[in-house]
Amino acid sequence: MDQTSPKKYSFHTRENSEEKIDIPRYLKETYWWAYLHPNAIRVFERQWLVNSILWGNYRRLRDAVLSEIHLHFQGKILQLACVYGDLTEKVASKLSLKGQLDLVDISQSQLDNALAKLGKRQNLNLYRQDTSSLSLPDNKYDVTLLFFLLHEQPENIRRATLSEAIRVTRSGGKIIIVDYHLASAWNPLKYLMEIVFRKLEPFAKGFIAQEVSALLPSDTRVSVEKYTYFGDLYQKIILKC
């Protein structure tokens, strides 16, 4: 690319002659059908379907994220893992001219899909990296976002991802986590979701059995705020660095 031409977007990768990025085994074995299969994006990239999967709560949870970012749209925002639906588009559309959105995913097809949705933007960077082992500078981001990512990771990967999120988020910044939560006993979907987790989300049960704060490195000094939604089926965690 001509370095003197206007920058539209940047696409980065850690792949080179000495290092090749491999799709993690747990992802290939457990979530191939949702993220890696050639037809996955064609099937799941539908706003109505994503909303249905979340029992009509997609917009509410998306807006809960946007409300936390509203003071930081002129800063640096990192999203760990692509997501179906229009969350990333909403974040990108609200960036100021000084704002920047960096998007990380291990799947090339997911990054390609994100780029197709977002279009070429001056303040967009795409990185093909593993969220549990980022090649990004310390203390770079004002906001780091994890949207329905942690419940899809084994505990050791989950802990490493959180550790990396803390490392790259600057002092005074925040980490926003939206994910599943242990539903209240009176929630009529509680037992149905247990079946869904058992059949399709094998790491989710272990995730909701713990508080996110219990997954943080022991030497981490962050404040934790927690909010729950829809009969406690979903949670928003704010880690203030």
Using the test side-chain hydrogen bond (donor to acceptor under 3.5 Å, both in side chains), find all partners of His151 that sit at least two apart in sequence or belong to another chain.
Asp179, Glu201
Checking Ser109 now: which residues fulfil side-chain hydrogen bond (donor to acceptor under 3.5 Å, both in side chains) with it, not counting sequence neighbours?
Ser107
Evaluate salt bridge (charged side-chain N to carboxylate O under 4.0 Å, His left out) for Asp142 paired with Arg170, printing each intermediate quantity in order.
CA-CA 6 Å; Asp142 299 288; Arg170 68 169 180 82; 2.4 Å; yes
So, is the end of the Lys236 side chain (NZ or CZ) under 6.0 Å from the ring centre of Tyr227 and within 45° of the ring's axis?
yes
Strictly by modelled atom types, are Tyr84 and Gln110 linked by a side-chain donor-acceptor pair under 3.5 Å?
yes
Glu45 and Asn113 side chains, donor-acceptor separation under 3.5 Å:
yes
Under the criterion salt bridge (charged side-chain N to carboxylate O under 4.0 Å, His left out), I'd like the reasoning laid out for Arg128 against Asp105: C-alpha separation, chi angles, the key distance, then a yes or no.
CA-CA 5 Å; Arg128 184 167 183 239; Asp105 203 285; over 6 Å; no
Among Ile177, Leu239, Val104, Ile175, which one satisfies side chain to side chain contact (heavy atoms under 4.5 Å, CB included) with Thr144?
Ile175
Under 3.5 Å side-chain donor-acceptor pair for Gln47 and Asn51:
no
Kindly write out the residues that satisfy ring pair (Phe, Tyr, Trp, His ring centres under 6.0 Å) with Trp33, not counting sequence neighbours, or none if the list is empty.
Phe44
Rounding to 0.5 Å, atoms CG (Leu126) and SG (Cys82) come to a distance of 7.5 Å
Examine the side chains of Gln153 and Ser132 and answer whether a donor and an acceptor come within less than 3.5 Å of each other.
no
Any link between Leu97 and Leu95 through a network of hydrophobic side chains (Ile, Leu, Val, Met, Phe, Trp, Tyr) touching at under 4.5 Å?
no
Going through the checks in order, is the side chain to side chain donor-acceptor pair (under 3.5 Å) test met by His181 and Lys226?
CA-CA 11 Å; His181 184 266; Lys226 175 180 174 180; 2.8 Å; yes
Nearest 0.5 Å please: distance from the CG atom of Asn123 over to the NZ atom of Lys98.
13.5 Å
Leu80 side, atom CG; Tyr127 side, atom OH - distance, nearest 0.5 Å
12.0 Å
Cluster overlap Tyr191 with Phe230, hydrophobic side-chain contacts below 4.5 Å
no
Please find the pair of heavy atoms, one from Val43 and one from Leu49, that lie closest to each other, and give the distance.
O-CD2, 3.3 Å
Quick check on the 6.0 Å ring-centre criterion: do Tyr180 and Phe207 meet it?
no
Return yes if some donor-acceptor pair links the side-chain N/O of Gln79 with the main-chain N/O of Ala81 below 3.5 Å, else return no.
yes
Inspect the surroundings of NZ in Lys205 and state if more than 12 heavy atoms from other residues, nucleotides or ligands are less than 6.0 Å away.
no
Determine whether the side chains of Asn39 and Arg42 contain a donor N or O and an acceptor N or O closer than 3.5 Å.
yes
Between Glu155 and Arg159, does a salt bridge (charged side-chain N to carboxylate O under 4.0 Å, His left out) hold up when you go through it step by step?
CA-CA 6 Å; Glu155 183 173 342; Arg159 289 180 179 273; 2.9 Å; yes
Are more than 12 heavy atoms, taken from residues, nucleotides or ligands other than Lys174, located less than 6.0 Å from that residue's NZ atom?
yes
Gln235: which of Val212, Val178, Leu182 passes side chain to side chain contact (heavy atoms under 4.5 Å, CB included):
Val212
Salt bridge (charged side-chain N to carboxylate O under 4.0 Å, His left out) evaluation trace for Arg158 with Glu152:
CA-CA 8 Å; Arg158 190 182 303 145; Glu152 296 184 337; over 6 Å; no
How many angstroms lie between atom CG of Leu61 and atom CG of Leu87, to the nearest 0.5 angstrom?
10.0 Å
Which distance, rounded to the nearest 0.5 Å, do you find between the OG1 of Thr169 and the CG of Leu145?
10.5 Å
Looking at Leu36, Leu111, Asp22, Asp130, which one forms a side chain to side chain contact (heavy atoms under 4.5 Å, CB included) with Ile106?
Asp130
Does a salt bridge link Asp102 with Lys76, judged by any charged N lying under 4.0 Å from a carboxylate O?
no
